[in-house]
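Okay, so here's the structure we're looking at.
These values consider heavy atoms only, across backbone and side chains, with no hydrogens, waters or symmetry-generated copies. Order of appearance sets the numbers: ligands from 1, and atoms from 1 within every ligand. Quick note: residue numbers are just sequence positions, from 1.
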Amino acid sequence: MSTKSEMMSGKTCVVTGAASGIGRVTCTEFARAGAQVICADINLEGAQKTVEACAGNALAVRLDVTRPDSWKNCLDIAADEFGPIDILVNCAGIGRNGDFEEFALEDWNDLIAVNLTGTYLGCQAAMRLMRPQGSGVIINLSSIAATTGGADIAAYCASKGGVTALTKAVAMHGAPHGVRVCGLAPTYVDTELLDNAEIHFPSRRAMLDLMAELIPMGRVATPKDIADAILMLASDSAAMITGSTIYVDGGQTSGMPSRHSE
Ligand SMILES: NC(=O)c1ccc[n+]([C@@H]2O[C@H](COP(=O)([O-])OP(=O)(O)OC[C@H]3O[C@@H](n4cnc5c(N)ncnc54)[C@H](O)[C@@H]3O)[C@@H](O)[C@H]2O)c1
């Protein structure tokens, strides 16, 4: 059995949304596990900071996930630098909230463009390389919001519901060719993505405490909780998992927190 430091040895991994939050920690964990990592983000400066944190075989690439030409450029660089791409993690995402009846079409379009179209374009670009290789893993970041609606996050919910459905469809395409496609749906994770929501609370601490109360395990997730699950899905331990979206949610979508036994 391989140790964690060699679990991804020799693998080439592209992570989008690499400049921040879950994407950044996913990059550092892949690097720690021996992978060669492309840290891709629209924020190149942030992606470069992630490369420094990787302290190994990593490279920053500017990628706008909403643009097919940008995907081609990114995957060409990855292949030139590190060879065939084994793993793609579609982690780039944005969050916006607001009253449903007042929500601007521009905000809806942005959310769909980055969260859903960006994931679709990533799946398509990676599949074109992985299918001829006969192997590969694509992991798409969905959310508990794909399953549980929120009145002020309708566009975000719709974008993530789309990601979960897309994951199943692309998995069907890849399965006969040895390419696995999985989804991962986190509960609340303390990252910059929650900055938009913070303004509705007296403080960030107050927001996180309220979120923790909604999670049966009693805490919000850390980026490392999510990165660990991503590495598991990307590893050979998950060789028979495809099409599924795994919830990393401390039990949030399984039932309500209960104090009946106290
Ligand atoms: N934080 C949470 O509570 C939470 C919960 C469930 C799901 N998620 C999902 O996890 C993923 C990562 O979220 P996070 O919390 O790390 O957010 P984050 O805001 O910390 O990081 C998102 C990253 O995506 C990048 N990005 C935005 N638009 C881009 C574009 N067009 N092209 C390339 N990169 C772009 C940003 O520059 C940023 O570095 C997202 O898909 C998010 O929807 C987050």
Below 3.5 Å, N or O to N or O, backbone or side chain included: is there any such pair between Asn115 and ligand 1?
no

Using a strict threshold of under 4.0 Å (side-chain N to carboxylate O), is an ion pair present between Asp41 and Arg62? no

### Query
So, do Ile226 and Val189 sit near enough that their side-chain heavy atoms are less than 4.5 Å apart?
yes

Looking at Ser159, Pro223, Cys91, the heavy atom closest to atom 12 (C) of ligand 1 belongs to Cys91

Please determine, by modelled atom types, if Thr147 and Tyr247 share a side-chain donor-acceptor pair under 3.5 angstrom. yes

Problem - ligand 1 contacted by Pro186 (non-hydrogen, < 4.0 Å) - result: yes

At under 4.0 Å between heavy atoms, what of Arg24 touches ligand 1? The answer is neither

Closest heavy-atom approach to atom 19 (O) of ligand 1 among Asp195, Leu193, Asp190 is made by Leu193

In terms of its nearest heavy atom to atom 20 (O) of ligand 1, the top option of Ser20, Gly23, Ala145 is Ser20

- Query: Do any nitrogen or oxygen atoms of Thr191 lie less than 3.5 angstrom from nitrogen or oxygen atoms of ligand 1?
  - Reply: yes

State, without any angle test, whether Thr245 and Ser142 hold a side-chain donor-acceptor pair at a distance under 3.5 Å.
no

Next on the checklist: Tell me whether Tyr156 has any N or O atom under 3.5 angstrom from an N or O of ligand 1.
Outcome noted: yes

> Is there any N or O on Leu141 that sits under 3.5 Å from an N or O of ligand 1?
Replying inline: no

If I apply the N/O under 3.5 Å rule, does Val114 come out as touching ligand 1?
no

Check your understanding: How about Asp64 and Ser70: does a side-chain donor come under 3.5 Å of a side-chain acceptor?
Key -> no

At under 4.0 Å between heavy atoms, what of Ile22 touches ligand 1? The answer is both

Does this structure show an ion pair linking Lys49 with Glu52, if we count only N-O contacts that are shorter than 4.0 Å? no

Logged contact type for Leu194 with ligand 1, heavy-atom cut-off 4.0 Å, is side chain

Per-atom filter on ligand 1: closer than 4.0 angstrom to a heavy atom of Thr187 are 3 (O), 5 (C), 6 (C)

With Arg219 as partner, the option from Asp190, Thr187, Asp209, Asp225 fulfilling side chain to side chain donor-acceptor pair (under 3.5 Å) is Asp225

Practice prompt. May I ask you to check whether Thr167 and Asn140 show a side-chain donor-acceptor distance below 3.5 Å?
Written response: yes

Indicate yes or no: does an N/O atom of Asp41 lie under 3.5 Å from an N/O atom of ligand 1? yes

